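Residue numbers begin at 1 in each chain, while the letters A, B, ... track the order of the sequences. In this text the structure is predicted, and so the values were computed from the model without any measurement. Scope of the values below: all heavy atoms of this structure, side chains included, with no hydrogens, waters or symmetry mates.
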Amino acid sequence: MESHQAEHDKNGLVAETFWRTPQRAVPGRPCQRIQQNKVMSGSSYQQFQASVNDAWDLGDDDIISGIAETKISKAISQTAAINVINSHRKSTKNVNNDVKVNEGVKPREEVVAVRKNEIRKIGGVPSGSSGLRHYPGRPRPVKLSALTSREESSESKLERFQQVLESAVLDLNELKQLSWSGIPTKARAVTWRLLAGYLPANAERRAETLERKRADYKHLVRQYYDADREEDTYRQIHIDIPRMSPLVALFQQITVQVMFERILYIWAIRHPASGYVQGINDLVTPFFMVFLQEAAPGKELDNFPLDSLTEEQRDIIEADSFWCLSKFLDSIQDNYIFAQLGIQYKVNQLKELIRRIDLQLHEHLQRHGVDYLQFSFRWMNNLLTREIPLPCTIRLWDTYLAESDGFATFQLYVCAAFLLHWRERLMLEKDFQGLMILLQNVPTQNWSDSNISLLVAEAYRLKFAFADAPNHLHNAGKSDR
Amino acid sequence: MGTREDEYDYLFKVVLIGDSGVGKSSLLSRFTRNEFNLESKSTIGVEFATRSIEVDGKTIKAQIWDTAGQERYRAITSAYYRGAVGALLVYDIAKHLSYENVERWLRELRDHADQNILIMLVGNKSDLRHLRSIPTEEAKAFAEKNGLSFIETSALDSTNVEPAFQNILTEIYRIVSQKQMRDPPEGDVIRPDAEPADVRAAGADAVRRNCCQ
C-alpha cells in the first residue's frame with residue numbers, strides 16, 4: 001500500500017504539472033483581483049470591509065478551531081458520550097416517533113465488547129428490491145415531498161428546542177444533545193446555523209452577526225462573481241448545476257441555478273487548495289432546502305417558484321447556505337485537495353474497520369475483487385447524498401452538525417454502518433458485477449428518518465467500540481486484505 | 001473463483017474517458033441499458049456497468065468503467081486504467097475545448113494505462129448538427145495520425161453507440177485470440193495486475209484459463 005501511495009504521489013506530480021495551464025491564473029487566487037479593485041474605484045468603507053473579509057473570518061474560525069483543539073481526555077469524552085446517549089434516550093422516551101430508535105440502541109451496546117453477530121443485527125431487513133438492477137450507478141430522482149409531508153417530531157421536542165434556543169446565552173452542548181437524534185422542522189434552520197458555528201451562541205450578537213455576514217456575502221459576490229471569473233472553475237460549476245437534480249422542477253429554475261452557481265464559485269475561489277470538486281454541489285442542497293423551507297414554511301418545495309419570494313428572502317437563503325457550507329466543509333477540506341488524499345485515507349480506514357468488524361463480509365468482497373475505493377469513494381466524496389433520499393440526508397446532517405468533535409470521523413462509522421446494513425444482500429451476490437451494481441445502487445428509495453436514526457445509532461455504537469480500541473486503525477493501508 | 005458459472009468466454013475491461021460533460025455516462029447507459037437522460041448527474045470518481053455481446057460465437061463480457069471527467073479526479077480515475085484493454089476517449093463535437101483536450105487524455109493513457117491498450121476516439125453528440133465545431137474529417141485525420149479508431153455517436157438518438165462498443169470489443173477480441181494462438185500463456189496484451197484498484201476480473205483473460213492471482 002505504501003508503494004501504491006507513493007505511486008499516487010508520483011503520478012500526482014506528473015499530472016499536476018502536465019494539466020496546469022501556465023498562462024492562466026491558478027483557480028482561486030483572489031489576490032490580484034483585490035488589488036485591481038483597490039486601484040479601480042475610489043476607496044470606500046465598503047471596499048475596505050471587503051478587503052478585510054478574510055481577516056475577519058480567520059479570527060472567527062480561529063476561535064472555533066481553538067476550542068476544537070482543546071485536549072480532552074478519553075475517559076472524560078467517553079463519559080460525556082455515555083451521558084449524551086443516555087440523555088438522548090431519556091429525551092426521546094416519550095416521543096412515539098422515536099421509539100424505534102431506542103429499540104435500536106440497546107443498553108448493552110455500550111459495553112465495548114463487540115462480536116460480529118451482534119453488530120449485524122441492527123442492519124435490519126432490506127427493503128424494496130425492484131428496480132435495483134436496471135438502473136445501476138444512477139441515483140434516483142430526489143423526492144422532496146417527504147420533506148414537507150414528513151411527520152413532525154412531537155410538540156414536546158419542539159418545545160424543548162425552543163426553550164434552549166430562547167435562552168440568552170445558548171447552551172451549545174445541550175443543543176447538540178437535543179439535535180443529535182433529529183431536529184424538528186420548525187427549529188431546524190436556526191439550529192443548523194448555530195451548530196454550524198455561523199450564528200453565535202450569544203443571543204445578543206446574533207442579529208448583528210447575521211446582518212454583517214449577509215452583507216459580507218454580497219460583497220463577495222461583487223468581488224468575485226460579478227467580476228472577471230476564473231474560467232475553468234466557472235465552466236465546471238456551470239455544467240454541473242443543471243444536472244444536479246434533473247428531475248426536480250425546483251432545481252431547473254434559473255434563479256435557483258444561479259444561486260447555486262454563485263455559492264459554489266465563491267467558495268471555490270476562496271478555497272484554492274481544493275477549488276470546486278464535483279460533488280460539492282450536492283452538499284449545498286441540504287442547506288439550501290432547509291433555509292428555503294424556513295422562508296416558505298409548509299409549502300410543497302418540489303416545484304416551488306423561487307421568484308415568489310422577495311429578493312431579500314432569496315438573498316438570505318443564498319448567503320446563509322454559503323456560510324454554513326463553508327463552515328461545514330472546513331473539517332473535510334482534505335477530501336477535495338489534490339489526489340483527494342483525505343478520501344483515500346478514509347477509504348483505507350473503512351476497509352480496516354470492516355475487516356475487524358465483519359471479516360466474513362470483508363473476505364467476500366475481497367474474494368470477488370471488489371475494492372473499497374470502487375464503491376465508498378462516492379460515499380465519502382458526497383457524504384452519502386447520492387445514496388439516500390434528500391430528506392434522509394437532511395436528517396443525517398442533524399446528527400453530523402451535532403457531532404461535537406466534527407463529523408469527519410463520525411462519517412467513517414456511518415459509512416461502515418451503511419455497508420454493514422446491506423451485508424446479507426451482499427453475501428448473496430456471487431460475483432464482482434452483482435456486488436458492484438448493488439453497492440453503486442443500494443435500494444434506499446423508501447428510507448425515512450427512522451432508517452437514518454438506526455444508522456447513526458449503529459454508527460455511534462461502532463465508533464464507541466472501535467474508535468478508542470488500541471491501534472485499531474493504525475494498520476489501515478498496510479494490510480493487504 | 002472458479003466455483004461459479006462462467007457465462008462468458010472473454011472478459012474485457014474498458015474505460016470511458018474524456019472531458020466533463022461530453023456524454024460518457026450517457027453512452028454507457030445507452031449501451032448497457034438502452035436508456036438516455038438528457039441530464040444525468042455528474043459521475044463521482046468511477047462508476048461501473050457491464051454488458052455482454054457475441055463475437056464469432058463467443059460471448060464477450062465488457063466490464064466498463066465510467067470515469068469522472070473533472071481534473072481533480074484524475075489521480076483516482078487513472079488507477080482504473082490499469083488492466084484496461086480498451087478505452088473510449090470521448091469528446092463533444094460541439095465543444096471545441098473537449099476536442100483540444102484529447103491530446104491530454106492520450107498522454108494520461110500513455111502514462112497510466114497498458115501500452116497495448118486499444119483506443120477509440122469518439123465524437124459524441126452528433127445529433128447537435130447545427131452546433132458542430134469539429135468537422136468529422138478533422139477528427140478522423142487526427143485519429144489516423146495517432147493510430148486510434150474513430151467514430152461519431154449520439155447517445156441521445158442512439159446513432160452508432162452500439163457499433164462503437166461492438167467495434168472496439170471485436171478488435172480487442174481479434175488481437176487477444178490471435179495472441180493466444182501465437183503464444184498462449186502469459187501473453188502480455190493484458191496483464192492481470194496485483195494493484196489494489198484493479199479488480200481481479202479486470203484484465204482481459206480467457207476466464208477458463210483460470211489464471212489471475
TODO: Could you list the residues that satisfy ring-ring contact (aromatic ring centres under 6.0 Å, His included) with A:Tyr336, not counting sequence neighbours?
DONE: none
Task: Residue list, ring-ring contact (aromatic ring centres under 6.0 Å, His included) with B:Tyr173, at least two apart or on another chain - done: B:Tyr10
Task: Side-chain H-bond candidate by donor/acceptor type, A:Glu261 with A:Tyr234, under 3.5 Å - done: yes
Task: Proximal component of A:Gln236, with respect to chain B [non-hydrogen, under 4.5 Å] - done: side chain
- [ ] Give, as side chain, backbone, both or neither, the part of A:Leu439 having an atom under 4.5 angstrom from any heavy atom of chain B.
- [x] neither
Open item on the list: Which one wins on heavy-atom pair count under 4.5 Å against chain B: A:Asn281, A:Ile239, A:Ile343, A:Asp282?
Closed with: A:Ile239
Open item on the list: Before we go on, tell me: are the rings of B:Tyr91 and B:Phe142 under 6.0 Å apart, centre to centre?
Closed with: no
